[in-house]
Amino acid sequence: MHEEKLKRLATMKKSAESGGGQERIEAQHSKGKLTARERIALLLDEGTFVELDKYVMHRSDDPSIPKLYGDGSVTGFGTIAGRQVFVFSYDFTVLGGSLGEMTGKKIAKAMDHAMKVGCPIIGIIDSGGARIQEGVSSLDAYGDIFFRNAMASGVIPQITASIGPCAGGAVYSPAMTDFVIMVENIGQMFVTGPEVVKEVLSQEVSFEELGGARAHGSKSGVAHFVAKNEYECFDRIKKLVSFLPQNNTEDPAIVETGDDPNRTDPNLINILPENPYQQYDIKEIIKSIIDNGDFFEVHELFAENIVVGFARMGGRSVGIIANQPQFLAGALDINSSSKAARFIRFCDTFNIPVVTLVDTPGYLPGTDQEHNGIIRHGSKLLFAYCEATVPKITCIIGKAYGGAYIAMGSKNLRADVNLAWPNAEIAVLGPEAAVTIIHRKDLKNAADAPATKKKLAKEYRDKFANPYIAAEKGVIDVVIDPMETRPFIIRALDALANKKEPRPWKKHGNINL
Ligand code: HXC
C-alpha cells in the first residue's frame, strides 16, 4: 500500500522533472541553452533547492495544449553562499516557457514568499511571452507579476537573468527589477520581434541586433551586465548578491577582505595627468582605493562616461560613482545621468553608502542633448543625491564645473563628507569658457587674442579653479594628499556607520522620470 503511493510519487516526480520531455530537453541543449533545473542547480548552493508547485498544471480548456507538470516554470527556494533566496526559472521545454495563468500563479507565489521572508528573488527568463492559447488569463498573470515587482521594489533585491527569448510581456517584469543580466548570443529581449518589425516598418533586423545582450548592454541600458555564457552569468549573480543585504531593513555584511584600511598609494596622484584636458582611466583610481582592487562594475558598456559599481572599503559594501574622463571627457549627458541616478537610488534603498569621485567638465552641451531631454534626465541625478540618506562621501579629484559640481554629490545636496585633492578645480565654468565671457571686450580688442586668452585663463585657474575657496566656505571639508584617499574615505565610512537622516513624511516623491 505504502509502496504503491511512493511509486506513484516517484513516477510523478520523474515526469515533472523531465519538463516538456527528452526531445525538447535535447532541442534546448542543441540551442546552447541549459534547462530551467540545470540553471537553478548552477545558481544555488549544492543540494539546497526545494521545489514548490512541481505538480501544478494549466487549467485551460483548450485541448491543443498539453497538460504537463510544472507548467512553464520551475520555482522554489534555496541558498547562495548560505543566504536564503527564492527563484523562478522559466522552462522553455514546456510550451516555450510561455506564461499562462498557472505559471503566473507559481511565480507570484515565489515572489510573495520572498517578500514575507525578506530575501532576494532571482528570476531566470527563457520565454515566448504571454501564452497565446490562454488569452486574457495570461495577460492577467503578467499584471499580477508586475504588481509584485512594484511592491517588492526597494524592499528586497530583485535580479533577472535573461537566458533565451524574453518576448512580449516577458520583458517588462525584468525591466522593473533592480538588475538584468543577459547572456551573449542567447538572451534576447524585445517587445515586438523581427517579424512584426518587418511587417509594420519594413525593416529587416535580426533577433540579436534588435534585442541581443550587446544591444541592451550598450545601447538601451536595459542590461546591467553582459555575460559570455550561462556559467559566467550565475557567477556574476552570486557575486552581486554578496554585496547586498537580504532586504531594506538590513545592512550588507561586513567582510574581512585582508586589505589594510590604512594602506596609502603614493602613485595615485600620478594617474591624474598634469594637463587637465588629457584623458586617463578613472578605474585605475577606483581600483587603487578599494579593497584588493576588486571592483564589480554595473552597466560597464552603457554610458561609459560615468562609472558605477560595487566594491568594499574596509570590508563594507559601497556603491562607487565616478566620472570617466576617457569618454566624452567625463561630461554628464542623458544616459550617464539616468544610469548614475538609478544606481544611487538602489544603493540608498539597500543601505549601501555612496562614494563619489568627481572629475567632470560639466553637462554635455548641444541640440541633441537639449532636445532629447538633458534637463529632465540630468536633474534625476540631483534628485537621487538629494533623496539618498545613506552615508555619502564625495572626493573631487579634478574638474568640478558648474551644474556638474553640484550634481556630483556636492555638500549642498547633503553629502556628509566632501574631500578634494589639491588638483581639484571648482568653479562655475572652466577657465577658457569663463574668460571668453567675462573678458569678451578685452579679447576683442587684444592684439594677440589667443595669447591673451591663454594668459587670462591661467590667471583664472590660479585664482578660482582650486579647492581652497570651497574649503574656506566649508563646502569642502578636507583637502587631502591624494595618497591618503583610501584611509580618509574608510574612516569617514566608519564614522558615518550609524548615520540617521530623517526626512518629511510623504507618500513618495515625484522624481522627474
Ligand atoms: C504559446 C508558445 C509561445 C506563446 C512559443 N510557444 N511562444 N506557445 N504561446 N507565446 C511554443 C511554440 O509554439 C513551440 O511549440 C514552442 O513554444 C517552442 O517555440 P519555437 O518557436 O519552436 O522556438 P524558437 O524557434 O526558439 O523561437 C522562440 C520564440 C518564438 C522567438 C519565442 O516561439 C516566438 O516568436 N514566440 C511568440 C512570441 C510572442 O509573440 N509572444 C506573445 C507576445 S505578446 P511546439 O509545440 O511547436 O514545440 C505578450 C503580451 C503581454 O506577451 C503583454 C503584457 C504587458
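Read the numbers this way: they start at 1 and go in the same order the structure lists the ligands and their atoms. Residue numbers start at 1 and run along the sequence shown.
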Exercise for the section: For F346 and F179, run ring pair (Phe, Tyr, Trp, His ring centres under 6.0 Å): C-alpha distance rounded to whole Å, both residues' side-chain angles, the deciding distance at 0.1 Å, then the answer. Expected result: CA-CA 10 Å; F346 177 84; F179 294 104; 4.7 Å; yes
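Ring-centre distance between F296 and F225: below the 6.0 Å cut-off.
K33 forms a cation-pi arrangement with F92, by the criterion of a distance under 6.0 Å to the ring centre and an angle within 45° of the ring axis.
Ring geometry for Y90 versus F88: interplanar angle over 60°, hence perpendicular rather than tilted (30 to 60°).
Residues L44 and G78 approach most closely at CD1-CA, 3.9 Å, considering heavy atoms. When all heavy atoms of A341 and A384 are compared, the closest pair comes out as O-CB, 3.6 Å.
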Per-pair distances, ligand 1 N/O vs protein N/O, less than 3.5 Å:
{"residue": "ligand 1", "atom": "9 (N)", "partner": "I132", "partner atom": "N", "Å": "3.1"}
{"residue": "ligand 1", "atom": "10 (N)", "partner": "G128", "partner atom": "O", "Å": "3.0"}
{"residue": "ligand 1", "atom": "10 (N)", "partner": "A130", "partner atom": "O", "Å": "2.8"}
{"residue": "ligand 1", "atom": "17 (O)", "partner": "G96", "partner atom": "N", "Å": "3.0"}
{"residue": "ligand 1", "atom": "26 (O)", "partner": "K31", "partner atom": "NZ", "Å": "3.0"}
{"residue": "ligand 1", "atom": "41 (N)", "partner": "G128", "partner atom": "O", "Å": "2.7"}
{"residue": "ligand 1", "atom": "46 (O)", "partner": "R24", "partner atom": "NH2", "Å": "2.9"}
{"residue": "ligand 1", "atom": "48 (O)", "partner": "R24", "partner atom": "NH2", "Å": "2.7"}
{"residue": "ligand 1", "atom": "52 (O)", "partner": "A130", "partner atom": "N", "Å": "3.0"}
{"residue": "ligand 1", "atom": "52 (O)", "partner": "G169", "partner atom": "N", "Å": "2.7"}

